[in-house]
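Beneath this line is the structure, given in structure tokens, with notes to follow.
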Amino acid sequence: MIQLTNIEKYYANKGVKNYVLRLVTTTIKQGEFVSIMGPSGAGKSTLLNIIGMLEEPTYGTYDFLGENVTSLNERKRIELYRNHIGFVFQAYHLIDEMTVYENIEAPLLYKKVGSSERASRIADLLDRFNIVAKKDLFPNQLSGGQQQLVGIARALAAQPSIILADEPTGNLQSAQAEEIMELFKKLNQEDGITIIQVTHSEKNAQYGNRILHIADGVVKEDVTVA
Ligand code: ADP
Ligand code: ADP
């Protein structure tokens with residue numbers, strides 16, 4: 001599903017190349033649940049953003065579902081993103097001026113999904129995540145855990161094959177964090193959605209089947225979780 005080959009990323013500063021990633025090569029198969037771990041500044045978010053097509057590598061090849069992402073123009077990349085990828089952020093990134101319902105609906109409007117199909121998908125997600133009663137509230141009227149449920153519902157609305165999550169429980173207390181991790185596990189095991197998360201938490205990483213340890217921009221270890 002994902003093939004990264006010799007991926008490099010640097011930021012140039014006064015002619016000096018500051019490398020964030022160096023020659024990262026790895027494959028992630030459909031149905032995997034991968035955790036990316038490593039010290040602060042190791043390049044974890046950069047790697048996730050490259051996988052999610054939010055950033056471009058400065059060198060190397062990225063193939064996603066058989067498409068060579070590095071050779072696609074921006075319009076094609078956005079189309080591939082909208083059809084297959086759901087992104088979940090640490091600070092939720094919900095739109096404050098939109099209700100819960102409208103936040104979940106936004107990606108469906110981009111994809112021009114018809115109104116009855118939109119309504120039925122949103123109703124399913126609200127029901128599944130137990131937030132029907134919150135649908136007309138705004139993000140700042142919700143607890144952090146509820147906001148993240150909305151963030152995940154929004155990411156799922158377009159029925160992606162893969163969820164990318166950058167420290168999805170980083171702003172949550174442990175009970176809420178556990179609820180979110182259990183949800184990811186279910187989405188992976190029951191719905192077959194591929195999940196890649198960045199996490200600092202060894203406990204969160206154990207929900208997945210594989211841990212990539214990144215340090216100084218390289219994959220130091222690639223471990224299968226028992
Ligand atoms: P991690 O997620 O492991 O903490 P990041 O991928 O966020 O690491 O960042 C890795 C390194 O890249 C950091 O040293 C960071 O300062 C640098 N970096 C990230 N974005 C930029 C940018 N836009 N310009 C310059 N340096 C950047
Ligand atoms: P948690 O224990 O998950 O952190 P909170 O104490 O933040 O939860 O919120 C508890 C309940 O109060 C939630 O159901 C949330 O929807 C509701 N709530 C929190 N803040 C507001 C607010 N500003 N306006 C309306 N309802 C709120």
Side-chain angles (χ1 to χ4, degrees), residues 1-2 28-34 48 51-54 64-67 75-169 171-172 175-197 207-208:
M1 171 175 224
I2 286 169
I28 296 173
K29 295 196 197 75
Q30 181 100 44
E32 283 202 271
F33 183 164
V34 179
L48 194 75
I51 293 171
M53 305 178 205
L54 303 181
F64 178 73
L65 294 174
E67 293 257 24
R75 195 178 58 79
K76 284 267 185 197
R77 265 207 315 273
I78 291 173
E79 188 182 312
L80 201 58
Y81 176 93
R82 285 192 183 147
N83 284 328
H84 298 287
I85 295 178
F87 227 103
V88 174
F89 303 92
Q90 174 169 359
Y92 326 123
H93 286 205
L94 300 174
I95 298 172
D96 291 335
E97 296 76 21
M98 288 186 178
T99 63
V100 164
Y101 190 98
E102 291 165 343
N103 267 283
I104 300 171
E105 186 176 40
L108 298 176
L109 293 172
Y110 282 128
K111 278 190 73 179
K112 300 190 169 35
V113 174
S115 65
S116 61
E117 173 72 12
R118 287 202 306 274
S120 106
R121 282 198 209 174
I122 298 166
D124 281 350
L125 287 162
L126 291 168
D127 184 47
R128 178 166 188 186
F129 292 176
N130 244 324
I131 48 175
V132 177
K134 310 288 178 194
K135 72 181 171 58
D136 297 320
L137 295 184
F138 292 90
N140 69 4
Q141 296 174 304
L142 303 177
S143 73
Q146 290 164 345
Q147 289 186 61
Q148 194 56 298
L149 287 175
V150 176
I152 296 169
R154 177 184 57 184
L156 289 171
Q159 302 178 331
S161 38
I162 179 165
I163 292 278
L164 303 177
D166 197 345
E167 293 276 4
T169 66
N171 288 12
L172 300 179
Q176 297 178 315
E178 228 169 90
E179 184 189 351
I180 297 296
M181 292 314 302
E182 288 294 340
L183 177 60
F184 279 137
K185 190 173 169 177
K186 241 171 120 177
L187 290 170
N188 177 248
Q189 293 187 346
E190 292 174 18
D191 303 66
I193 296 175
T194 306
I195 294 178
I196 307 177
Q197 68 167 346
Y207 282 85

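Remember, it's a predicted structure, so these values are computed and weren't measured experimentally.
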For the pair Ile85 and Phe64, evaluate side chain to side chain contact (heavy atoms under 4.5 Å, CB included) and give the outcome as yes or no after the intermediate values. CA-CA 11 Å; Ile85 295 178; Phe64 178 73; 3.9 Å; yes
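- When all heavy atoms of Val100 and Lys134 are compared, the pair lying nearest together is CG2-O, 3.3 Å.
- What you find for Met98 and Pro139 is that their closest heavy atoms are O-CD, 3.1 Å.
- Contact annotation: the side chain of Leu156 approaches that of Ile193 to within less than 4.5 Å [non-hydrogen atoms, C-beta and beyond].
- To the nearest 0.5 Å, atom CD of residue Glu178 and atom CE of residue Met181 are 10.0 Å apart.
- Under the rule for a side chain to side chain donor-acceptor pair (under 3.5 Å), the partners of Glu105 that lie at least two apart in sequence or sit in another chain are Arg118.
- Using a 4.5 Å heavy-atom cutoff, the side chains of Phe138 and Leu94 are not in contact.
- Listed for the Thr169 side chain is no donor-acceptor partner under 3.5 Å among the backbone atoms of Leu172.
- Phe129 has its side chain out of reach of Gln148: every pair of non-hydrogen atoms, C-beta onward, lies at least 4.5 Å apart.
- Between Leu142 and Ile131 the shortest side-chain heavy-atom distance does not fall below 4.5 Å.
- Between atom CG of residue Asn103 and atom NZ of residue Lys135 there is a gap of 14.0 Å, rounded to the nearest 0.5 Å.
- Of the possible polar contacts, none joining the Glu117 side chain to the Gly114 backbone as a donor-acceptor pair under 3.5 Å is found.
- Side chains of Ile2 and Ile196 form a contact here, defined as non-hydrogen atoms less than 4.5 Å apart.
- Atom CZ of Phe87 is separated from atom CD1 of Ile152 by 13.5 Å, given to the nearest 0.5 angstrom.
- Using cut-offs of 30° and 60° for the angle between ring planes, the Phe184 and Phe33 rings count as perpendicular.
- At least one side-chain heavy atom of Lys111 sits under 4.5 Å from a side-chain heavy atom of Asn83.
- Nearest approach of Gln30 to Ser161, heavy atoms of both residues: NE2-CB, 3.9 Å.
- In this structure, Ile163 and Pro160 approach most closely via the heavy-atom pair CD1-CG, 4.2 Å.
- In this structure, NE2 on His84 lies 8.0 Å from CE on Met53, to the nearest 0.5 angstrom.
- Salt-bridge annotation for Lys186 and Glu182: absent, with no side-chain N of the basic residue lying under 4.0 Å from a carboxylate O of the acidic one.
- Atoms CD1 and OG1, on Ile104 and Thr99 in that order, are 8.5 Å from each other to the nearest 0.5 Å.
- Side chains of Arg154 and His93 form a contact here, defined as non-hydrogen atoms less than 4.5 Å apart.
- Residues forming a side chain to side chain donor-acceptor pair (under 3.5 Å) with Gln197 (at least two apart in sequence, or on another chain): Ser35.
- Considering all non-hydrogen atoms of both residues, Leu125 and Ala153 come closest at CD1-O, 3.5 Å.
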Step by step, would you call Leu149 with Leu183 a side chain to side chain contact (heavy atoms under 4.5 Å, CB included)? CA-CA 9 Å; Leu149 287 175; Leu183 177 60; 3.7 Å; yes
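- Side-chain contact between Leu108 and Ile122 is present, with heavy atoms from C-beta onward closer than 4.5 Å.
- From Glu32, atom CD reaches atom CE of Met1 across 10.5 Å, with rounding to the nearest 0.5 Å.
- Residues Thr194 and Asn188 come closest through the heavy atom pair CA-ND2, 4.4 Å.
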Worked verdict on Tyr92 versus Gln146 for side chain to side chain contact (heavy atoms under 4.5 Å, CB included): CA-CA 10 Å; Tyr92 326 123; Gln146 290 164 345; over 6 Å; no
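- By the side chain to side chain donor-acceptor pair (under 3.5 Å) test, Glu97 is found to be paired with no residue, residues two or more places apart in sequence or in another chain being considered.
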